[in-house]
Number of protein chains: 2
Amino acid sequence: MYFCFMYSFTEENYLKAIYKLQEQSNLAINTNAIASVIQTKAASVTDMVKKLSEKKLLKYEKYKGVELTQLGKKIAIDTVRKHRLWETFLHKKLNFAWDEVHDIAEQLEHIHSHELIDKLDEFLGFPSHDPHGDPIPGRNGVIQQNNFILLSELMIGEAGIISGVVNHSAIFLKHLEKNDLVLGKKLLVQEISAFDQLVKVLIDDKLQQQLSSEVVRNILVKKLTE
Amino acid sequence: MYFCFMYSFTEENYLKAIYKLQEQSNLAINTNAIASVIQTKAASVTDMVKKLSEKKLLKYEKYKGVELTQLGKKIAIDTVRKHRLWETFLHKKLNFAWDEVHDIAEQLEHIHSHELIDKLDEFLGFPSHDPHGDPIPGRNGVIQQNNFILLSELMIGEAGIISGVVNHSAIFLKHLEKNDLVLGKKLLVQEISAFDQLVKVLIDDKLQQQLSSEVVRNILVKKLTE
DNA sequence: ACATATTTTTAGACAAGTCTAAAAATATTT
DNA sequence: AAATATTTTTAGACTTGTCTAAAAATATGT
Ligand SMILES: [Mn+2]
Ligand SMILES: [Mn+2]
Ligand SMILES: [Mn+2]
Ligand SMILES: [Mn+2]
């Protein structure tokens, strides 16, 4: 096994972070934002960004921010693909809870081997989504975008299937699991309190539960039309 | 997930290399030997060995060589355990050929997570041997030693089950596979040429084949007594 | 438009790990 | 036992990635 060209863990992490920031806002990506994602200092980001620019992975103009090149974006998406496939493996095959997979996948995503990731993909049956409902990019780099909406956007009387989360923190995921709010559950919105915004939902046509606005703003559902 | 204490890839590789050298000869381990295994220079080994000594992972005396401490040995064995479990996963679950697993496992063995390796072990059904017949250390660090012998040690009329290899090179493994000399096959020694040492064997009571002395000296068998 | 606050970059240092070339220690010959 | 050869260590430099503190650029308020 040899590597066409290999990027370091650090480089991949920077590219992934910039890619995610680029996705979630069309504004220029500034060094402080990157620093906060990577958990490092802005000065370090400036250094690194210069090197990535040298390597044609992104375009960098002093004081203006950065933008990934096609190549940089490809590496980033590839890293996301690996991350989500590994998360799926950990959850589906090794029975890790959905709040336990992320940190281990952060390490596994940097293993370099195309054959490995292709075979893993096949072994998992070419899954389309990871344990958190996030789409898994294909080996061509195409990401099929979800059309999920926030649970908080559902009107009274409308229903949806839990399909993803906005907040990925372990504490939130654990909380959802404890309350049986896992992927695939059907939720029917029955009542929204005018006073404290608590949302009363019916889970899978059986159990009734009250959800805080914090919770409903962080659950993504596939709206059921009918 | 947090790590009790984490050793770097490099440190783990040094410990593993020293451990393997320690196993295969009772002599003191000198820096050149380590350098040749790690694929580096003796000067670099000296530097590293000093640091590992600081960290109580090995005992080092200038010009005398090194010896692992209990802690160092534990880390090394743990790394071997991870390596062999991952090799088993790659071979059994992802259908990699036995000559393709080593290089990827060299990367995977450095993923830090006890839960991960325990769950992987369970997922694989607590295998006792890796795809090359090498024993997989238990989570307690105990390695159940093989009592395999070289195929070259079998006398005419004796039989054995292929159970391991001495040479782990991809070219040798590929050659064995091509000739159907894989783990589990039964070999009966029928003839040893006095002239060129070629060994005529009967594979699984069916196929006759001539093996070079290079081959018979690199196959390990479990002798069948009867 | 000018002063102030914020963000970003530079300068210089540090840690891990590696290298080459030279010096020191050990081993082998004669 | 001295001379030579080999092995091992040191010295000093380099790379990657990080940091702090100071300087420079940009943004904001009046
Ligand atoms: Mn994740
Ligand atoms: Mn995920
Ligand atoms: Mn191996
Ligand atoms: Mn092996």
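Residue numbers begin at 1 in each chain, while the letters A, B, ... track the order of the sequences. Basis for what follows: all heavy atoms, side chains included, without hydrogens, waters or symmetry-related copies.
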* To do: Calculate the interatomic distance between B:Glu61 atom CD and D:dT7 atom C1'; express it in whole Å.
  => 17 Å

* Please state how far atom NZ in B:Lys41 lies from atom P in C:dA22, giving the value in whole angstrom units. =>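 Between P of C:dA22 and NZ of B:Lys41: 15 Å.
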
* Determine the interplanar angle of the B:Phe89 and A:Phe89 rings, folded into 0 to 90°, and report it as parallel if under 30°, tilted if 30 to 60°, perpendicular if over 60°. => tilted

* Asked: What class does the angle between the rings of A:Phe172 and A:His175 fall in, given that below 30° is parallel, 30 to 60° is tilted and above 60° is perpendicular?
  ->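 Because their plane-to-plane angle is under 30°, the rings of A:Phe172 and A:His175 count as parallel.
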
* **Inter-residue atom distance B:Leu15.CG - B:Leu52.CG, 0.5 Å rounding** =>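 Taking CG in B:Leu15 and CG in B:Leu52, the distance rounds to 5.5 Å.
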
* Closest nucleotide of DNA chain D for A:Lys64 versus for A:Lys51: which of these residues is on the 5' side? -> A:Lys51

* Structure fact -> Per nearest nucleotide of DNA chain D, the residue lying toward the 5' end, A:Lys62 or A:Met48, is A:Met48

Closest to the [X] side chain, choosing from [options]:
| X | options | value |
| --- | --- | --- |
| A:Tyr63 | D:dT26, D:dT9, D:dC19 | D:dT26 |
| B:Asn32 | D:dG17, D:dT8, C:dT10 | D:dT8 |
| B:Lys50 | D:dT10, D:dT9, D:dT20 | D:dT10 |
| A:Glu11 | C:dT20, C:dT10, D:dG17 | D:dG17 |
| B:Asp47 | D:dT18, C:dG17, C:dC19 | C:dC19 |

OP1 or OP2 of [N] under 4.0 Å from side-chain N/O of [X]:
| X | N | answer |
| --- | --- | --- |
| B:Thr31 | D:dT8 | yes |
| B:Ser8 | C:dG17 | yes |
| A:Thr40 | D:dC19 | yes |
| B:Ser44 | C:dT18 | no |

* Using the side chain to side chain contact (heavy atoms under 4.5 Å, CB included) rule, pick out the option among A:Val37, A:Ile34, A:Val49, A:Val45 that qualifies with A:Ile29. =>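 Of the listed residues A:Val37, A:Ile34, A:Val49, A:Val45, the side chain to side chain contact (heavy atoms under 4.5 Å, CB included) partner of A:Ile29 is A:Ile34.
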
* **Step-by-step side chain to side chain donor-acceptor pair (under 3.5 Å) determination, A:Asp130 to A:His83** => CA-CA 9 Å; A:Asp130 82 359; A:His83 182 95; 5.9 Å; no

* How is A:Tyr14 classified with respect to the nucleic acid when contacts are heavy atoms under 4.0 Å: base, sugar-phosphate, or nothing? ->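 It contacts sugar-phosphate atoms only.
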
